[in-house]
Amino acid sequence: MSIITKAACVGGGVIGGAWAARFALAGIDVNIFDPHPEAERIIGEVMANAEKAYGMLTMAPLPPRGKLTFCKSIEQAVEGVDWIQESVPERLELKRGVITEIDAFARPDALIGSSTSGLLPSDLQADMKYPERMFVAHPYNPVYLLPLVELVGGKKTSAATIKRAEEGVAEIGMKGVVIAKEIEAFVGDRLLEALWREALWLIQDDICDTETLDNVMRYSFGMRWAQMGLFETYRIAGGEAGMRHFLAQFGPCLKWPWTKFTDVVDLDDALVEKIGSQSDAQAAGRSIRELERIRDENLVGIMHALKASNGGEGWGAGKLLADFEKRLWAKGGNQAKTHDASGPLRLIDTKVNAAWVDYNGHMTEHRYLQLFGDTSDALLRLLGVDFAYVEAGHSYYTVETHIRHLGEAKLGQELYTTLQLLASDEKRVQFFTRIHDAASGEVIATAEQMMLHVDAKASKSVPAPTEVLTKLKPIAEGHAKLEVPEGAGRHVGQKR
Ligand SMILES: CC(C)(COP(=O)([O-])OP(=O)(O)OC[C@H]1O[C@@H](n2cnc3c(N)ncnc32)[C@H](O)[C@@H]1OP(=O)(O)O)[C@@H](O)C(=O)NCCC(=O)NCCSC(=O)C[N+](C)(C)C
């Protein structure tokens, strides 16, 4: 059973709004309470960014979007929900008061997570009647894309709560990391604080400007850290002898004057102005919205790369994404279980996202193949060939593909695919897929493909079982009555 069927967000700024988007995109209805007069506008903007990012992130069938309800009070927002996420400004008294009010009106078994960046959960739960269900659930911005949530229990938090919280965040595609002991700023913000302090000193002392410092990070260890953390990276740096060698080699430097971060830089007006003007120059006129768009596209690209890594198994945040998508496919999302076979089957609706566009400004070749592959996967699911079927040892493999490009697909263009069966028998399925422009229905590309049913272990084609052939039959019969598509059977170089 799901841990979260309905959620509430108390505080709807950048963090609270992005939590709301995470829940809603996972199909969970969300109540929102935020007295800010522009809360609806702010959350609307975060939601739009999140939907755009998810459009790029995954082709898996997302459930119907959860409903957002703006409430007039905390009492109304938390009534009957399973998970309440508090994201009000970072002031202990304010947060403690809000959490105590949530506690008074929420179901006694509802989970209460706080988005605090550094306050102790024991301090936050001090006045609660049911403190055992309260914990820190500290996310990273943008919450709708970055999967990490630091889960930190206070003195009165129960172990069962932390376990449920871990399961709950997994349901919405996130990675719950349980921090063993409560400590101010937890793990992530402690590390960031150390780096931030050092960075401020480097600017203050004119060692570099903000752009140089950012370049040092993003062209080097910033990329490393997206895929392996500090310790795994340094283990590799130790060579064959691994971590012990690394510690022996670089341990002595810890005593050298390589850092100033234990001193606090004086953030006086001059330093604020220096950093502000360097940062303005670095932005080169790009607005915050533009930078957010670029950041989100980059993060999506990184997660896609990590999903394809480790021989296709996925790695880190990419493996998490792959597993989340598997669950979405297993649930089937919006995909109809049956289709009208009196015409080609409409199987995929999508939009050309930025990662699909090449230097010519249109959708690049391999993305067409991806879309054709996603369409044949959708056909296979209709036939009952899903993850469970594949895990049991059989599948369909594509053995031949012929693609024609008839028109262009531009960034943001909405597309859909249709599939027409041309021929089939107990081993073979031959079909013709069209990619259409959604607005006009015009055909942009076609693929004719042949798949064979295989015994995956033996790597040999074998007849499909009756249950698959029974599902294939009505489609084959319906499509046998359709005209053979123009372009079927063509090969490269053939005259029109
Ligand atoms: C395992 C494999 C798919 C098949 O190997 P095999 O068992 O040795 O198969 P045969 O060559 O003997 O062929 C079996 C029968 O099928 C006929 N056949 C083969 N190719 C074609 C074709 N292109 N068109 C028509 N008919 C074809 C052949 O004549 C035999 O007929 P019989 O009447 O004599 O039984 C093997 O080929 C393999 O592993 N290939 C690689 C597959 C692969 O990796 N594809 C890319 C993966 S992408 C993908 O699968 C996408 N998706 C479906 C998951 C979305």
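Whatever order the structure lists ligands and atoms in, that order sets their numbers, starting from 1. These numbers come from a predicted model, not from an experiment.
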For [atom], is some protein heavy-atom partner under 4.0 Å away?
| atom | answer |
| --- | --- |
| atom 11 (O) of ligand 1 | no |
| atom 46 (C) of ligand 1 | yes |
| atom 14 (C) of ligand 1 | yes |
| atom 24 (N) of ligand 1 | yes |

If you count the atoms of ligand 1 from 1 in the order shown, which ones are under 4.0 Å from a heavy atom of [X]?
| X | result |
| --- | --- |
| Met450 | 22 (C), 24 (N), 25 (C) |
| Gly373 | 55 (C) |
| Ser376 | 55 (C) |
| Lys427 | 35 (O) |
| Met451 | 53 (C) |
| Leu452 | 4 (C), 13 (O), 14 (C), 16 (O), 19 (C) |
| Val454 | 1 (C), 3 (C) |

Out of Leu406, Leu371, Ile348, which residue meets the side chain to side chain contact (heavy atoms under 4.5 Å, CB included) rule with Ile435?
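Testing Ile435 for a side chain to side chain contact (heavy atoms under 4.5 Å, CB included) against Leu406, Leu371, Ile348 leaves exactly one candidate, Leu371.
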Heavy-atom pair with the smallest gap, counting every atom of His304 and Met56
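That would be CE1-O, 3.0 Å.
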Would you say [X] and ligand 1 have an N/O pair spaced under 3.5 Å apart?
| X | answer |
| --- | --- |
| Ser459 | no |
| Glu400 | yes |
| Tyr397 | no |

To the nearest 0.1 Å, how far is [atom] from its closest protein heavy atom, and which atom is that?
| atom | answer |
| --- | --- |
| atom 6 (P) of ligand 1 | Lys460 NZ, 3.8 Å |
| atom 54 (C) of ligand 1 | Asp377 OD1, 3.8 Å |
| atom 17 (C) of ligand 1 | Arg428 NH1, 3.3 Å |
| atom 7 (O) of ligand 1 | Ser461 N, 2.6 Å |

Does the separation of the ring centres of Tyr140 and His138 fall below 6.0 angstrom?
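When the ring centroids of Tyr140 and His138 are compared, they turn out to be within the sub-6.0 Å range.
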Compute the centroid of each ring, for His394 and then for His453, and state whether the two points are separated by less than 6.0 Å.
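Between His453 and His394, which both carry aromatic rings, the centre distance is below 6.0 Å.
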Tell me which one of Val399, Val390, Asp425 gets a heavy atom nearest to atom 37 (O) of ligand 1.
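It is Val399 whose heavy atom sits nearest to atom 37 (O) of ligand 1.
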Which option, Thr375, Val429, Thr398, owns the non-hydrogen atom nearest atom 48 (S) of ligand 1?
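Nearest heavy atom to atom 48 (S) of ligand 1 lies in Thr398.
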Please determine if [X] and [Y] form a salt bridge, counting it only when a charged side-chain N lies under 4.0 Å from a carboxylate O.
| X | Y | value |
| --- | --- | --- |
| Glu292 | Arg289 | yes |
| Asp455 | Lys457 | no |
| Lys351 | Glu51 | no |
| Glu467 | Lys471 | no |

Is it true that, when you exclude Met243 itself, more than 12 heavy atoms of the residues, nucleotides or ligands shown sit nearer than 6.0 Å to its CE?
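Atom CE in Met243 is packed in, count exceeds 12.
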Are more than 12 heavy atoms, taken from residues, nucleotides or ligands other than Glu290, located less than 6.0 Å from that residue's CD atom?
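Counting other residues, nucleotides and ligands, CD of Glu290 exceeds 12 neighbours.
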Is there a salt bridge (charged side-chain N to carboxylate O under 4.0 Å, His left out) between Lys319 and Asp323? Walk through the geometry before answering.
CA-CA 6 Å; Lys319 169 96 172 69; Asp323 291 344; 3.0 Å; yes
When the ring planes of His436 and Tyr416 are compared, do they come out parallel, tilted or perpendicular, using 30° and 60° as the limits?
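Answer is parallel, since the angle falls under 30°.
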